[in-house]
Amino acid sequence: MPIEILMPALSPTMEEGTLSKWLKNEGDKVTSGDVIAEIETDKATMEVEAVDEGVIGKILIAAGTENVKVNTAIAVLLQDGESASDIAAPKAAAPAAEPAKAEAAPVKSEAAAPVAAQPKADIPSDPDIPAGTEMVSTTVREALRDAMAEEMRRDPDVFVMGEEVAEYQGAYKITQGLLQEFGARRVIDTPITEHGFAGVGVGAAMSGLKPIIEFMTFNFAMQAIDQIINSAAKTLYMSGGQMGAPIVFRGPNGAAARVGAQHSQDYATWYSQIPGLKVVMPYTAADAKGLLKAAIRDPNPVVFLENEILYGQSFDVPKMDDFVLPIGKARIHRKGNDVTIVSFGIGMTYAVKAVAELEKEGIDAELIDLRTLRPMDLPTVIESVKKTGRLVTVEEGYPQNSIGTEIATRVMQQAFDYLDAPVLTIAGKDVPMPYAANLEKLALPSVAEVVQAVKTVCYK
Amino acid sequence: MIEFPQLSLHVPEPAVRPGGMPDFSNVNIAKAGSVPRPPVDAAPEDIRDLAYSIIRVLNRDGEAVGPWAGLLSDEELLTGLRNMMKLRAFDARMLMAQRQGKTSFYMQHLGEEAVSCAFRKALRKGDMNFPTYRQAGLLIADDYPMVEMMNQIFSNEKDPLRGRQLPIMYSSKEHGFFTISGNLATQYVQAVGWAMASAIKNDTKIAAAWIGDGSTAESDFHSALVFASTYKAPVILNIVNNQWAISTFQGIARGGSGTFAARGLGFGIPALRVDGNDYLAVYAVSCWAAERARRNLGPTLIEYVTYRVGAHSTSDDPSAYRPKTESEAWPLGDPVLRLKKHLIVRGVWSEERHVQAEAEILDEVIQAQKQAEVHGTLHAGGKPSVRDIFEGVYAEMPAHIRRQRQKAGY
């Protein structure tokens, strides 16, 4: 039987790549370990090695093909005694993948209706996007890079520091091109000590610079948390307002795929508890860009929680000279009347799919993306609940003391009489993240759980 | 007032970047056999030179020379060679398995096999290693079954860690191999604590801490040295300097201290620097340090000078940050080839026997892989039970987790 050579995965999160070059031709003999092709992803270039021995019978995917899905057959290897005529017609996998379609374009939120006898919170709105503004499909990864590059061009005090951010262009390629544009003075590779470089960053911020501290993941920021909370978040307060730390701590947060208990934790609720910090956790590329720019300009320490799985996803971003979004303002992702779903960050991926399924079943959900966890835009949530009377929250973190339980408490206190059902909170399971793929999936929330929770609060 | 010039920031750079000619002329290599072997109770201040030299036993002609030679029999050396070859073959098969999608991730030892394989021989049953992800030789050289390692890598139904831990993050209490932490350096200070506990209990066991060149920058490393020094903990503090921390060259963590071994001197800890690609030298130095610990003389810091020939992991592409031919230019050679040559010089090995041994070992590894694959790989075949998510969160399962488990139907 001819053996199919499959498009390999370079990492658990790789879904597709470019087959950039064939180093062997049809008819060439290969032995195990021979480099037969080169493939590229947005993160790295790698060589594909032959696993088995044989002769390349047919090349199925031409060099230069983009968006080749992992596990697509890229060539067929003939064993001893086989000829090209033994090759069966290639299975249907091969067509080049369509670029991931963005979910609904970000909807500009509308001001909530005024509430009588209650002071309205003073939360700025999103900037107007002029009619006819070009929308550019952008990955979250590019949006974050663009935000940093724009702010670094605008303000010479802004610099980025972390492990692998310069020469390697970022462990997840978020700082791509920054070293080339801004030089080693402003894009700084550090020794491997989160405690060390977070502390150095806080010190630089206290001296008046505006550091962006990249953590390779927020899991590694555990050892820097003393610097973030005890120093960055509290110095302005303790110094009687004399000196603060205008600093951004950013990097991927939460579970990626197959990285186990120590590398999959969601810190949303941890940082959101701390007075003195602002905490942002965007879902779309537009929000990632506009909010990161706002975070860099903010005079306070901002914890900016990204997600590795979202990095490669594309969304429309308005092409504007200076697109800055307000920190502290939720965005109504989809308007609806029957039930309110509140989520943020990667949690939105479950919520968006659930809303689509619910629509088919005649349930018209309103979906709110919090975007900022501290300060939290509760008025937008409360206004929505007053309209729908039902609330489900969705997040990946642990269930105890979650963002969802916080929202449930506030809604119970401020909109008790409007609730038609107890608030349900969807979260990850109360266990450390297992590694095995089947277990990992079960430990995270699912679209089905969200759909079920919505039906429960709607008594359907 | 004196006028000083404007300040500027110093950022160290490796000697060469991709496209350049590899250059290791800055690596000062002592002649094999030239570094003295002090008594184990030597005062740390009398042996400070050892932190700046390189202890080597095998010379260019494959002979074992000098005061650190002569500790191992023919048979022990043959076993050592076999262990290193086994680790190398194991790595090659598992890398391939990763490319085939049978696991999501792998990290190989290529070029560094001597460090963990020879070190293991200096330990006794009951001693504890706190390893990093590049010391699987500690298991191989202790005859931990390869099938078990593969079951872990494939996260299958026989995975001894029950689907909970990343591939290659092995754990075996029986084999003195503490659960690997994915977060760097955290276990360096824990190894010191483990050793201090052994001393408090008046036990006879010692501990070994492991760290790479890059993560010596972590605070845990420095705290570990303070405690080890102050309490004279029975611990061997190992630093594997393989030149690269992913893309970060060792100069970024080393700073101005000259060598990593020299980090020990300020703490009054005896510090040795050794040729990490020389099986005999690694073993001799490990024994010296182990004996100091067992005699209650306190900690020893060892820097193994080696080179990471392969990529950091299956998610890394070293051609982005170092010349492709850099490993060929590495002046300390290949640990397997060097020991092979020594055994041939000793008259107990030959090219033919080596080729035959390679084939036998490959067969052994393939057999193990076949056995492991019967129980599943990452995406195919047997998987850990859903029950395994909920067990082991606490020593005893609390009610709310039991409820979750029952809700999941297990």
Side-chain angles (χ1 to χ4, degrees), chain A residues 6 8-14 32-33 43-52 70-71 163-164 166-169 171 184-185 188-197 199 216 219-220 222-223 257-263 399-400 429-440 442-443, chain B residues 8-9 11 13 17 92 95-96 98-101 103-105 155-156 159 161-167 169 181-186 212 214-221 245-248 252-253 255 314-317 319-321 378-379 383-386 388-390 392-393 400-401 404 408:
Chain A
L6 304 181
L10 304 179
S11 69
T13 48
M14 173 175 162
S32 172
K43 282 175 18 180
T45 303
M46 290 240 183
E47 294 170 337
V48 181
E49 289 164 12
V51 174
D52 301 288
V70 165
N71 287 335
E163 292 154 359
E164 317 262 337
E167 202 66 42
Y168 201 59
Q169 311 279 304
R185 196 178 71 89
I188 303 171
D189 277 331
T190 64
I192 304 170
T193 164
E194 282 73 15
H195 182 245
F197 66 77
M216 199 178 283
N219 295 283
F220 303 159
M222 289 285 270
Q223 52 151 285
R258 295 328 92 66
V259 290
Q262 290 177 314
H263 290 174
Q400 181 165 328
K429 307 297 176 292
D430 196 19
V431 297
M433 181 63 77
Y435 164 77
N438 63 322
L439 303 187
E440 183 183 63
L442 288 166
Chain B
S8 64
L9 184 67
V11 182
E13 268 289 318
R17 284 293 186 189
L95 266 180
M96 225 179 263
Q98 191 271 343
R99 295 293 187 238
Q100 291 167 324
T103 182
S104 61
F105 180 76
S155 201
N156 62 21
D159 173 4
L161 309 186
R162 305 165 84 179
R164 294 181 191 144
Q165 185 56 304
L166 287 174
M169 303 252 175
S181 169
N183 298 32
L184 300 175
T186 53
S215 35
T216 59
E218 298 275 20
S219 313
D220 310 68
F221 171 77
I246 312 188
S247 78
T248 304
I252 292 276
T314 45
S315 311
D316 173 41
D317 172 17
S319 69
Y321 51 82
L378 179 58
H379 293 295
K383 296 199 182 338
S385 164
V386 170
D388 288 327
I389 302 188
F390 302 101
V393 182
H400 79 281
I401 292 189
Q404 285 189 95

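Owing to the predicted nature of the structure, the values given are computational and were not obtained by experimental measurement. Each chain gets a letter, A, B and so on, in the order the sequences are listed, and its residues count up from 1.
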Note to self: With a 4.5 angstrom heavy-atom cut-off, is it the side chain or the backbone of A:Met433 that approaches chain B, or both, or neither?
What the structure shows: backbone
Next item on the list: Against chain A, work out which of B:Asn183, B:Asp220, B:Val393 has the most heavy-atom pairs shorter than 4.5 Å and name it.
Entry: B:Asn183
Note to self: For A:Pro191 versus B:Ala217, what's the shortest heavy-atom pair and its separation?
What the structure shows: CB-CB, 3.5 Å
Check: So, do A:Val48 and B:Arg99 sit near enough that their side-chain heavy atoms are less than 4.5 Å apart?
Finding: no
Next item on the list: Look at A:Thr193, A:Thr190, A:Ile188, A:Asp189 and state which one has the largest set of heavy-atom pairs under 4.5 Å with chain B.
Entry: A:Thr193
Notebook entry, point to check: Who among B:Lys383, B:His379, B:Arg162 has the most heavy-atom pairs with chain A under 4.5 Å?
Noted result: B:Lys383
Item checked: A:Glu194 to A:Phe220 - nearest heavy-atom pair and separation -> CG-O, 3.2 Å
Next item on the list: Taking all non-hydrogen atoms of both residues into account, name the closest pair between B:Ile389 and A:Ala443 and its distance.
Entry: CD1-N, 4.3 Å
Check: Looking at A:Leu442, A:Asn219, A:Leu6, A:Val259, which makes the most heavy-atom pairs under 4.5 Å with chain B?
Finding: A:Val259
Next item on the list: Go through the atoms of B:Phe390 and report whether side chain, backbone, both or neither lie under 4.5 Å from a heavy atom of chain A.
Entry: both
Notebook entry, point to check: Do B:Ser215 and B:Phe221 come close enough that some side-chain heavy atom pair is under 4.5 Å?
Noted result: no
Checklist line | Heavy-atom proximity to chain A below 4.5 Å, by part of B:Ile401 | finding: side chain
Item checked: chain A contacts, top residue of B:Gln98, B:Glu218, B:Arg164 (heavy-atom pairs, under 4.5 Å) -> B:Glu218
Check: Which heavy atom in B:Ile246 sits nearest to a heavy atom in A:Glu164, and how many Å separate them?
Finding: CB-OE2, 3.2 Å
Next item on the list: Heavy atoms only, distances under 4.5 angstrom: which of B:Asn156, B:Asp316, B:Asp159 has the most pairs with chain A? Name it, please.
Entry: B:Asp316
Next item on the list: Please report the closest heavy-atom contact between B:Ser247 and B:Arg17, naming both atoms and the distance.
Entry: O-NH1, 4.2 Å
Note to self: With chain A as the partner, which of B:Ser319, B:Ser219, B:Gly255 has the greatest number of non-hydrogen pairs under 4.5 Å?
What the structure shows: B:Ser219
Item checked: Donor on one side chain, acceptor on other, A:Gln262 and B:Ser181, under 3.5 Å -> yes
Margin query: Please classify the contact of A:Arg185 with chain B as side chain, backbone, both or neither, using a heavy-atom distance under 4.5 Å.
Written below: neither
Next item on the list: Counting only heavy atoms closer than 4.5 Å, note whether A:Leu439 contacts chain B via side chain, backbone, both or neither.
Entry: both
Next item on the list: Flag the one option from B:Gly101, B:Ser385, B:Pro167 with the top tally of heavy-atom pairs under 4.5 Å to chain A.
Entry: B:Pro167
Next item on the list: Could you tell me which non-hydrogen atom of B:Ala408 sits nearest to which non-hydrogen atom of B:Val386, and how far apart they are?
Entry: CB-CG1, 4.3 Å
Checklist line | Proximity breakdown for A:Gln223 and chain B, heavy-atom pairs closer than 4.5 Å | finding: side chain
